[in-house]
2 protein chains.
Amino acid sequence: MRKENSTNTINEQFLFQVCELNSAIAIIGGRWKAQIVYSISQGNNRFHLLKKELPNISEQVLGRQLKELEIHAIIIKKEIPDTVPLGVEYVLTNKGLDLVSILESLCNWGKLYADGKEISACLA
Amino acid sequence: MRKENSTNTINEQFLFQVCELNSAIAIIGGRWKAQIVYSISQGNNRFHLLKKELPNISEQVLGRQLKELEIHAIIIKKEIPDTVPLGVEYVLTNKGLDLVSILESLCNWGKLYADGKEISACLA
DNA sequence: GCAATAACGAACAAAATTGTGAGCCACTAA
DNA sequence: TTAGTGGCTCACAATTTTGTTCGTTATTGC
């Protein structure tokens, strides 16, 4: 999928070195990721619950996003024993939980200015 | 550039409605955006200074990112009078400044776990 | 006269992300 | 027996993002 030596990849790696900020953005910057993390934190921690919350997402895409969040250790996949068919629960890690509060700040920031807070230049 | 009725665009709009969080992510989620905002906040507020900080970025790409940040009212472009050739300064708005502190949280979050903080599941 | 500076813009190409169609497993309820 | 559930995976197509090439402005220094 990724070309090792594309300028795109090289630039991405460069940014990762400059500051962890850029790795963080890369983790949550995808189309559905931030919303999925937030939804899980609200208790929609099952595949089918997420599907209900995000009716437009296809199962393929949802599965892909969840796997990537798992790779970055934001969530952990847990099988629920003695269920048929075998249920799966997604649980936030402490890393994921810390992220949620930052996402909440971002959300409030967006709301504040969407609600018409005045915007003006700040003099340095 | 954007197709009005692509599923991709429709899904993006859907997420924008769900929560401002998603608009916020869309604003800062691009390849260089967060880093540019952060660099400007550190005083690299001129086109050529940003080029020096980000040696791999092409001028076209830098210009494009700056324009988009301007559209979202994160920065404002100011011409510096009596300079030859005419200099341009990028100034953060209050909206941009509020964003910077969130970016700093993100950065710290990334650093914390990159430095090896233990990760474990949080029980709900 | 020629290169350099500061700050871009347009058109195009490459690469990456996102979405689609189909199918799988092992059940259970009607 | 047919449909439904929960939770996926594969290969491929559509769309979007990112990067490249070339050109522009007006001026100064060599």
Spacing between B:Ile10 atom CD1 and D:dT15 atom C1', to the nearest angstrom
12 Å
At under 4.0 Å, does any side-chain N or O of B:Lys67 touch on OP1 or OP2 of C:dG9?
yes
Partners passing salt bridge (Lys or Arg N to Asp or Glu O under 4.0 Å) against A:Lys52 (at least two apart in sequence or in another chain):
none
Pairing residues for B:Glu70 by the salt bridge (Lys or Arg N to Asp or Glu O under 4.0 Å) criterion, not counting sequence neighbours
none
Here the salt bridge (charged side-chain N to carboxylate O under 4.0 Å, His left out) pairs for residues 38-49 of chain B, sequence neighbours left out, are none
Could you state the atom-to-atom distance from CD of A:Glu70 to C1' of D:dG7 in whole Å?
13 Å
I need the CG-C1' distance between B:Leu66 and C:dG9, as an integer number of Å.
14 Å
To the nearest Å, how far apart are A:Leu62 CG and C:dG21 C1'?
17 Å
So, OP1 or OP2 of D:dT5: does either fall under 4.0 Å of a side-chain N or O from A:His48?
no
For A:Gly63, which contact category applies under a 4.0 Å heavy-atom criterion: base, sugar-phosphate, or nothing?
nothing
Phosphate oxygens OP1/OP2 of D:dC8: is one of them under 4.0 Å from a side-chain N or O of A:Lys77?
yes
If you look only at pairs with a residue in residues 108-120 of chain B, which of them pass as a side-chain hydrogen bond (donor to acceptor under 3.5 Å, both in side chains), with sequence neighbours excluded?
A:Asp98-B:Tyr113
For the CG atom of A:Leu103 and the CD1 atom of B:Ile102, what is their distance to the nearest 0.5 Å?
10.0 Å
B:Asn45 atom CG is separated from C:dA7 atom C1', nearest whole Å, by 14 Å
Answer yes or no: is there a side-chain heavy-atom contact under 4.5 Å between A:Ile75 and A:Asn45?
no
Contacts of A:Glu68 that satisfy salt bridge (Lys or Arg N to Asp or Glu O under 4.0 Å) - sequence neighbours left out:
A:Lys33
Taking CG from A:Leu86 and C1' from D:dT5, how many angstroms apart are they, rounded to a whole number?
13 Å
Restricting both atoms to N or O, compile the protein contacts to nucleotides 16-23 of chain D shorter than 3.5 Å, with distance only.
unit_1	atom_1	unit_2	atom_2	d
D:dT16	OP1	B:Ser6	OG	2.8
D:dT16	OP1	B:Thr9	OG1	2.7
D:dT16	OP2	B:Lys3	N	3.1
D:dT16	O3'	B:Arg2	NH2	3.3
D:dT17	OP1	B:Arg2	NH2	2.8
D:dT18	OP1	B:Arg31	N	2.9
D:dG19	OP1	A:Asn11	ND2	2.5
D:dG19	OP2	B:Trp32	NE1	2.8
D:dG19	N7	B:Arg64	NH2	2.6
D:dG19	O6	B:Arg64	NH1	3.1
D:dT20	OP1	A:Thr7	OG1	3.2

Using the side-chain contact (heavy atoms from CB on, under 4.5 Å) criterion, which residues pair with B:Thr9? Sequence neighbours excluded.
B:Arg2, B:Ser6, B:Gln13
Rounded to whole angstrom units, what separation is found between the CG atom of A:Leu54 and the P atom of C:dG19?
11 Å
A:Ile75 atom CD1 is separated from D:dG7 atom P, nearest whole Å, by 13 Å
Once each nucleotide of nucleotides 24-30 of chain D is scored for protein heavy atoms under 4.0 Å, what B/S/- sequence comes out, 5' to 3'?
---S---
Only counting residues at least two apart or in another chain, list the ones meeting salt bridge (Lys or Arg N to Asp or Glu O under 4.0 Å) with A:Lys67.
none
